[in-house]
**Q** 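Before I ask anything, here is the structure I am working with.
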Amino acid sequence: MLTAAELARRLRQQAELGAGALFLEHLSRAEALGLARKFAARAAASAATVREPASPTGEPGLPELGRRRARGAGRSAARVESGTRAPAQPAERGATFDERELTGWDHADAYREVRDTAFGCVRCRLHEGRSHVVFSDGNPQARVMVVGEAPGAEEDRKGLPFVGPAGQLLDLLLATVALSRDSVYICNVVKCRPPGNRNPLPDEIETCLPYLRRQIELVAPEAILALGAIAVHTLLGRQDAIKRLRGVVHRYEGIPVVVTYHPAALLRNPRWTPGAWEDLQLLRRTLEGERGTSLL
Ligand code: URA
């Protein structure tokens with residue numbers, strides 16, 4: 001089993017050598033998940049105890065990459081139509097974490113408004129079966145926004161996106177480019193769990209889309225990582241298979257979009273993992289291009 005320190009060392013070596021070798025293909029699913037769990041546990045511990053997250057490897061010398069300077073006023077944004085208000089969402093880790101990250105942010109009030117509107121949303125049938133509206137996790141002032149499909153059972157229970165096995169793999173993938181859950185912003189196209197984990201229906205996506213649009217406007221990420229077909233098709237307005245869309249940087253309203261497989265699909269098809277690694281490298285290069293700084 002690779003330790004987090006070994007992982008970081010290998011990443012640095014690969015970056016220094018410009019190597020095309022893919023360490024992830026040498027990891028079994030159990031190893032990858034074990035590693036991802038470690039990252040998840042560390043992120044949870046650091047979120048509970050310190051304000052500034054540790055680097056994903058915990059090693060000195062790896063810069064914190066996801067944070068960025070406070071932004072000035074962003075682009076003007078369309079309002080999200082609110083449905084009839086339902087009772088407020090109970091405070092969850094995601095909500096309190098957001099609160100902390102909103103301090104001193106120009107868009108804090110607008111962000112709270114859209115988030116609280118979503119927490120009370122009854123605009124489509126999905127509100128009937130939900131335990132929680134799953135709005136986001138991570139840092140609303142992050143450089144990178146990760147967009148998934150819809151909450152699963154675990155996410156619905158906890159009120160946070162990507163907290164099940166797919167989320168653990170996502171944590172690991174992010175760590176390969178020195179990003180952590182706390183240094184990106186994570187959300188889904190659809191904020192409430194579709195029953196039985198079915199795909200969200202087109203009308204559910206359409207109804208929920210104003211929330212995602214508004215999140216993107218306010219967070220104004222430097223790059224978006226789109227996970228899986230629903231996120232990719234929704235953001236790009238194209239129905240092509242993921243494998244045809246990977247490998248190039250697309251744009252959503254001028255923001256670079258990097259496309260990759262959904263982590264749940266990677267768990268079912270581990271042979272796609274090297275491709276996901278390449279996609280994360282494309283995300284890294286895209287961010288470096290935006291900022292002109294190295295991520296590793
Ligand atoms: N899959 C998603 O697309 N989103 C989640 O939050 C969890 C699993």
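Counting convention: from 1, in listed order, for ligands and their atoms alike. Every value quoted in this text rests on a predicted model; they were computed, and no experiment measured them. This chain uses plain numbering: 1 for the first residue, then up along the sequence.
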**Q** Looking at ligand 1, does Glu154 have a heavy atom less than 4.0 Å from it?
**A** no

**Q** Can you pull out every salt bridge (Lys or Arg N to Asp or Glu O under 4.0 Å) where at least one residue sits in residues 228-246? Sequence neighbours excluded, please.
**A** Arg238-Asp240, Arg246-Glu278, Arg246-Asp279

**Q** Mind telling me whether Phe119 and Phe135 have parallel, tilted or perpendicular rings, with 30° and 60° as the class edges?
**A** perpendicular

**Q** Taking only Lys NZ, Arg NE, NH1 and NH2, and the carboxylate oxygens of Asp or Glu, determine whether Arg213 and Glu217 approach each other closer than 4.0 Å.
**A** no

**Q** Got an N/O contact under 3.5 Å between Leu160 and ligand 1?
**A** no

**Q** Going by heavy-atom distance to atom 7 (C) of ligand 1, choose the closest among Lys191, Arg193, Glu155.
**A** Glu155

**Q** Considering the heavy atoms of Pro161, write down every atom of ligand 1 situated less than 4.0 Å from one of them.
**A** 6 (O)

**Q** Who's the nearest protein heavy-atom neighbour of atom 4 (N) of ligand 1, and how far?
**A** Asn188 OD1, 2.7 Å

**Q** Output the list of atoms in ligand 1 that are nearer than 4.0 Å to some heavy atom of His262, sorted by atom number.
**A** 1 (N), 2 (C), 3 (O)

**Q** With heavy atoms under 4.0 Å as the rule, classify the contact between Ala150 and ligand 1 as side chain, backbone, both or neither.
**A** backbone

**Q** Under a 4.0 Å N-O cut-off, is there an ion pair linking Arg157 with Glu154?
**A** yes

**Q** Pick one of side chain, backbone, both or neither for how Glu149 approaches ligand 1, counting any non-hydrogen atom pair under 4.0 Å.
**A** both

**Q** Can you sort out which atoms of ligand 1 are near Gly148, meaning under 4.0 Å from one of its heavy atoms?
**A** 3 (O)

**Q** Minimum heavy-atom separation for Arg181 to Asp171, with atom names?
**A** NE-OD1, 3.1 Å

**Q** Using a 4.0 Å heavy-atom cut-off, which part of Ala166 comes near ligand 1: side chain, backbone, both, or neither?
**A** neither

**Q** For Glu149, does its backbone N or O pair with a side-chain atom of Asn188 as donor and acceptor, under 3.5 Å?
**A** yes

**Q** Begin with the C-alpha distance, continue with both residues' side-chain angles, and end with the deciding distance and a verdict on side chain to side chain contact (heavy atoms under 4.5 Å, CB included) for Glu204 and Arg125.
**A** CA-CA 8 Å; Glu204 292 159 355; Arg125 64 184 80 78; 2.6 Å; yes

